[in-house]
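Everything on this sheet refers to the single structure shown next.
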Amino acid sequence: MDYNFKAIETKWQKQWVKNKTYKVEIDKDRPKFYVLDMFPYPSGAGLHVGHPLGYIASDIYSRFKRLNGFNVLHPMGYDAYGLPAEQYAIQTGQHPAITTEKNLERYREQLDKIGFCYDWDREIKTCDPSYYHWTQWAFTQMFDSYYCNQAKKAAPISTLVEAFNAAGTSGLDVAQTEKLAFTADEWKVKSEKEQQEILLNYRLAYLADTMVNWCPALGTVLANDEVKEGISVRGGHPVEQKLMRQWLLRVSAYSERLLQGLNDVDWTDSLKEMQRNWIGKSEGAEMKFQVKDSDIVMDIFTTRADTVFGVSFMVLAPESDLTAQLTTADQKDEVEAYVKATAKRTERERQAEVDKVTGVFSGSYAINPLNGEEIPIWVGDYVLAGYGTGAVMAVPGHDTRDFKFARQFNLPIIQVVIPEGGEASDTATWEDSKDSKAGTMINSDFLNGLSVPEAIAKTKEYIREKKVGDVQTNYRLRDAIFSRQRYWGEPFPVYYKDDMPQMVDAADLPLELPEIDKFLPTEQGEPPLGRAKNWVYKDAYPLELNTMPGFAGSSAYYLRYMDPKNDKALVGKEANEYWQDVDLYIGGTEHATGHLIYSRFWNKFLYDMGHVIKDEPYKKLINQGMIQGRSNFVYRINGTNKFVSLNLKGDYDTTAIHVDVNIVSNDVLDLEKFKNWNPEYKDAEFVLEDGKYVCGWAVEKMSKSMFNVVNPDDIIEDYGADTLRLYEMFLGPLEQSKPWDTNGIDGVHKFLRKTWRLFYDKDEKLNISDEKPSKDEFKVLHKTIKKISDDIEKFSFNTCVSAFMICVNELGSLKCNKREILEPLTVLLAPFAPHMSEDLWEKLGKTETVCDAEWPVFDASHLAESTFSYPVSFNGKMRFKLDMPVDATNDAIEAAVKSHESAQKWLEGKSIRKMIIVPKKIINVVVG
RNA sequence: GCUCGAGUGGUGGAAUUGGUAGACACGCAAGACUUAAAAUCUUGUGUCCAUCUGGACGUGCGGGUUCAAGUCCCGCCUCGAGUACCA
């Protein structure tokens with residue numbers, strides 16, 4: 001019988017469903033292992049060959065763990081809310097739920113064909129009310145909480161109210177939007193509404209007027225990680241800054257814990273580094289600059305308080321509240337015009353014009369707290385409102401941006417640091433600021449002569465003593481904007497009473513997404529939910545019109561898989577205590593600053609409130625590399641419909657045109673298919689080489705427009721799922737990006753057929769021998785057991801496939817069909833090629849699934865050798881091999897080398913200076 | 001600019017962490033089987049010189065450490081990813 005992958009794969013996929021082979025339940029007798037794939041968003045395009053890479057890797061690891069006695073949780077579900085389905089709805093009027101359901105079915109169909117061991121009984125969808133019930137619940141919990149910096153954890157907001165009643169804000173150190181100060185008496189006399197407004201300053205989910213990334217094309221605001229280089233990640237539309245009242249999550253409260261937590265997780269260094277940069281901790285000082293003839297005090301943040309004697313002006317962000325306050329009457333027009341002009345520019349324009357220095361004088365002066373000098377206050381858009389205090393002290397001598405600004409507006413430049421090995425010089429002659437990371441202080445009063453680190457320490461001490469500022473830590477991480485002016489997302493469990501937000505009662509959750517007639521904003525510019533009929537709570541109070549963003553549903557999904565049907569809690573105690581956390585998380589690096597920050601934040605909050613038992617959700621995380629496309633090109637001779645083969649194109653003036661990779665084989669174009677591919681090429685003519693049309697190629701992103709998309713369904717149709725799985729792994733290291741080239745796939749398919757043939761004789765009859773295997777056969781097997789076991793643990797799946805090929809090639813030449821070899825080999829192969837292994841396992845007479853077989857145990861005694869073949873080098877160059885007993889003494893080896901025939905020509909006329917002998921490794925003879 | 005990662009045959013990639021560079025596979029070439037093709041099998045395949053035995057060179061570039069360097073150190077170059085007026 002030939003290897004009939006179609007019959008085998010269909011058969012076992014049915015059997016697995018029928019036997020519930022992948023159903024998982026809590027089993028306290030076995031250790032748990034939780035393997036998770038990053039939640040896919042089911043797009044309309046379906047899966048291409050790059051998507052399953054990570055899923056195959058996690059599937060192999062899950063099966064391997066199960067074979068090693070672990071109770072493995074390996075679930076799958078869908079991040080089903082999102083912009084594309086809604087954009088499609090706007091264009092076609094089709095309800096996003098229908099589009100989503102259709103896409104999801106297609107995804108499922110494609111996934112099923114690959115033979116994954118998911119427990120589909122645990123499937124979740126973020127758009128399912130029984131799921132978003134708990135997304136809404138978590139939000140209400142955050143609303144009812146604040147973050148205490150002293151306890152370093154979240155606590156119920158009622159505790160804070162008690163504290164206000166007892167002593168106002170005194171003695172409190174809590175996360176807050178604005179630094180407020182009031183006494184208990186002041187608090188008590190405030191109206192209910194005023195108190196509610198104040199509490200928003202502390203809640204972990206809060207409503208506030210903030211600068212947001214507004215994307216007009218999508219009609220919604222976006223979080224920082226959803227914007228790259230001033231354009232939206234989804235859709236690529238321009239984004240501008242706008243002041244809006246929005247829901248936010250106080251992620252910044254957890255900055256330090258999110259940073260510290262990275263030390264306890266097993267993630268790649270590069271991913272941790274990305275998160276560290278995104279959190280952006282910097283330590284420095286906050287200093288107070290009194291404004292001349294005013295009671296206003298400017299707070300500025302600096303990491304280089306030691307350079308304060310070099311400050312020659314101050315700069316405010318145009319959006320800063322202080323800008324208007326500090327503008328004098330005669331500068332008013334100019335400043336207002338500048339602020340307006342800045343606001344009009346998109347984020348993208350602002351970034352593109354980094355070199356353009358713009359600014360305007362406010363008319364006011366500040367007083368340097370260290371030397372009492374008066375310095376002008378300017379407004380400039382190089383200062384960001386969102387970072388630090390939105391104001392800086394400018395040290396043009398030692399900061400590039402300040403230097404450029406000073407030159408542009410003719411402001412004084414003072415040198416305060418002499419770089420190591422340099423001398424003080426006239427700043428008028430400088431072309432750029434001078435580096436100040438190391439050196440000696442000058443022009444700095446009591447700091448003169450000190451080194452930079454000494455000066456930093458001394459300044460900190462000084463400003464604390466004189467109370468002109470304080471040592472301060474700053475984080476770049478911003479609170480997450482949580483409102484979206486869209487339809488297809490979780491509704492907020494929020495209603496408004498007297499204009500103040502209130503949470504929907506827990507008993508009334510989930511608050512289901514209402515039906516609307518059109519998926520567009522209302523005529524009044526309200527979000528789409530403004531169209532919903534009776535969108536009120538308790539028949540009286542209007543409900544929130546915004547919906548939640550994409551990351552809401554994906555922030556705690558891994559917890560839900562532990563207990564997906566629980567209608568009393570996000571996750572039950574028993575399930576949470578058993579499954580605990582994710583042992584292995586596999587997914588793309590694109591989630592580094594979004595999902596992976598938000599879900600860590602979300603989880604830490606739930607941990608603080610005692611709802612889950614682990615502080616960090618993902619113990620080990622691996623980023624699979626991107627599968628790139630390998631595009632093919634044809635070369636059209638300009639102005640003709642004639643195409644010239646790659647190596648002859650130098651003789652012509654040509655234009656390269658992308659051609660569908662599916663009509664090219666080994667870079668040779670199928671001419672007939674090409675003519676039929678596009679009516680434009682129906683009458684195409686060709687200049688061939690050796691009778692063939694050879695295409696050019698390049699590695700590019702896999703995308704429709706490059707005609708290089710390869711569909712896994714097609715591969716499975718031609719070669720089977722097991723071949724697809726093996727080939728995806730064989731392409732290269734999991735974490736590396738690499739191009740997909742279908743051409744190499746024959747190799748792994750051939751390997752599977754060779755494996756099959758070990759079980760079948762020439763007449764295609766099953767033929768397995770119960771004879772004792774030979775020493776060589778055992779050696780091949782155990783070498784493979786060791787290699788596969790080690791490499792799976794290292795996630796080095798490409799070398800596993802090579803090892804299998806070597807093993808089967810060797811067993812093939814030994815003509816081995818011994819049960820004692822083939823049985824363990826089938827188990828080794830089961831994680832990689834589950835369909836074939838399951839089938840062969842049955843052929844071996846087993847009645848239980850191969851998934852529950854026992855992983856073969858490596859026995860080193862089978863690898864023991866009596867001789868070792870030494871490579872013999874002369875001055876480091878390998879010249880010949882020498883077989884020696886493994887227990888040969890160095891003297892015996894030395895003698896053997898000296899008398900060896902091949903050694904003579906290298907020793908001739910030279911003397912042996914030294915002989916290096918590394919037992920069972922190498923011999924190196926140093927001659928000269 | 002800063003941070004991280006990577007540069008090995010025509011191609012994808014191996015190399016036990018300092019010890020035989022190019023495993024395994026694709027592609028290519030020659031051969032076997034076949035009327036023929038496909039499939040399958042065998043052999044060869046880093047570059048250069050040589051009829052062979054063989055030799056020289058060779059892991060982005062330039063230095064260095066070492067008996068021995070793809071691997072370690074110093075200085076560059078190129079590509080990829082992330083991030084960016086972050087004070």
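All values below were derived from every heavy atom in this structure, side-chain atoms included, with hydrogens, water molecules and symmetry-related copies excluded.
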Rounded to whole angstrom units, what separation is found between the CG atom of Asp269(A) and the P atom of rA6(B)? 11 Å
Applying a 3.5 Å limit to both distances, which nucleotide forms a Watson-Crick or G-U wobble pair with rC52(B)? none
Kindly point out which of rU11(B), rA25(B), rA15(B) is positioned nearest to the side chain of Asn809(A)? rA25(B)
Between rA39(B), rA25(B), rU83(B), which nucleotide gets closest to the side-chain atoms of Arg476(A)? rU83(B)
Fit a plane to each ring of Tyr727(A) and Phe730(A), take the angle between them on a 0 to 90° scale, and name the class: parallel (under 30°), tilted (30 to 60°) or perpendicular (over 60°). tilted
Mutual orientation of the aromatic rings belonging to Phe804(A) and Phe832(A) [parallel < 30°, tilted 30-60°, perpendicular > 60°]: perpendicular
Using a heavy-atom cut-off of under 4.0 Å over every strand shown, decide if Val925(A) touches base, sugar-phosphate, or nothing. nothing
So, the side chain of Ser320(A) versus the backbone of Leu316(A): is there a donor-acceptor pair under 3.5 Å, distance only? no
Between rU20(B), rC24(B), rU40(B), which nucleotide gets closest to the side-chain atoms of Arg757(A)? rU40(B)
Can you tell me, in whole Å, how much space there is between the C1' of rG1(B) and that of rU8(B)? 31 Å
Tell me the partner of rU45(B), counting only Watson-Crick (N1-N3 plus N6-O4 or O6-N4) or G-U wobble (N1-O2 and O6-N3) with both under 3.5 Å; none if nothing fits. rG27(B)
Mind checking who rC2(B) pairs with, Watson-Crick or G-U wobble, both distances under 3.5 Å? rG82(B)
Is it the case that over 12 heavy atoms from other parts of the model lie below 6.0 angstrom from the NZ atom of Lys272(A)? yes
Under 4.0 Å, heavy atoms only, any strand: does Ile806(A) hit a base, just the sugar-phosphate, or nothing? sugar-phosphate
Is the side chain of Gln624(A) donor-acceptor paired with the backbone N or O of Thr589(A) at a distance under 3.5 Å, no angle test? no
Glycosidic conformation of rG9(B), syn or anti, with 90° from 0 as the boundary? syn
I want to verify a distance call: between rC24(B), rC67(B), rC41(B), whose nearest atom is closest to the Asn924(A) side chain? rC67(B)
Complementary nucleotide for rU34(B) - Watson-Crick or wobble, under 3.5 Å: none
So does Met626(A) get a backbone contact from the side chain of Ser737(A), meaning a donor-acceptor N/O pair under 3.5 Å? yes
Say you pick atom C1' in rA39(B) and the same atom in rA32(B); how far apart are they, in whole Å? 14 Å
Tell me what Trp906(A) touches on the nucleic acid: a base, only sugar-phosphate, or nothing, going by heavy atoms under 4.0 Å. sugar-phosphate
If you check the Arg879(A) side chain, which of rC67(B), rA56(B), rA14(B) turns out closest? rA56(B)
When you compare rU71(B) with rA84(B), how far apart are their C1' atoms, in angstrom units rounded to a whole number? 34 Å
Nearest-neighbour nucleotide for the Lys754(A) side chain, rA25(B), rA87(B), rU20(B) considered: rA25(B)
Given rC26(B), rG54(B), rG82(B), the nucleotide with the shortest approach to the side chain of Met274(A): rG82(B)
Using whole Å, what does the distance between atom C1' of nucleotide rC85(B) and atom CG of Leu316(A) come to? 16 Å
Checking understanding here: a glycosidic angle within 90° of 0 is syn, the rest anti, so what is rU78(B)? anti
Aromatic centroids of Phe405(A) and Phe313(A) separated by under 6.0 Å: yes
Which part of the nucleic acid does Leu731(A) contact within heavy-atom distance under 4.0 Å: base, sugar-phosphate only, or nothing? sugar-phosphate
Inter-nucleotide P distance (rC77(B), rC61(B)), Å rounded: 15 Å
Which whole number of Å gives the distance between the P atom of rA69(B) and that of rC57(B)? 13 Å
Among rA87(B), rC24(B), rG13(B), which nucleotide sits nearest the side chain of Lys738(A)? rG13(B)
Taking the same atom, P, in rG18(B) and in rC2(B), what whole-Å distance lies between them? 30 Å
Identify whether any heavy atom of Lys787(A) sits under 4.0 Å from a base atom; if not, whether one sits that close to sugar-phosphate; answer base, sugar-phosphate or nothing. nothing
Tell me what Asp399(A) touches on the nucleic acid: a base, only sugar-phosphate, or nothing, going by heavy atoms under 4.0 Å. nothing
Mind checking Asp741(A) for me? I need base, sugar-phosphate or nothing, with any heavy atom below 4.0 Å counting as a touch. nothing
Counting the atoms with a prime plus P, OP1 and OP2 as sugar-phosphate, which does Arg753(A) contact under 4.0 Å by heavy atoms, base, sugar-phosphate, or nothing? sugar-phosphate
Across the strands shown, which category fits Asp402(A) at heavy-atom distances under 4.0 angstrom: base, sugar-phosphate, nothing? nothing
Mind checking Val926(A) for me? I need base, sugar-phosphate or nothing, with any heavy atom below 4.0 Å counting as a touch. sugar-phosphate
Nearest to the side chain of Thr302(A), heavy atoms from C-beta on, is which of rA87(B), rA25(B), rC57(B)? rA87(B)
Work out how far the C1' atom of rA14(B) is from that of rG22(B), and round it to whole angstrom. 8 Å
Can you label the angle between the His749(A) ring and the Tyr3(A) ring as parallel, tilted or perpendicular, going by 30° and 60°? tilted
I'd like the C1' distance from rA15(B) over to rU20(B), given in whole Å. 11 Å
Closest approach to the side chain of Glu273(A), judged atom by atom: which nucleotide of rU83(B), rU3(B), rU20(B) is it? rU3(B)
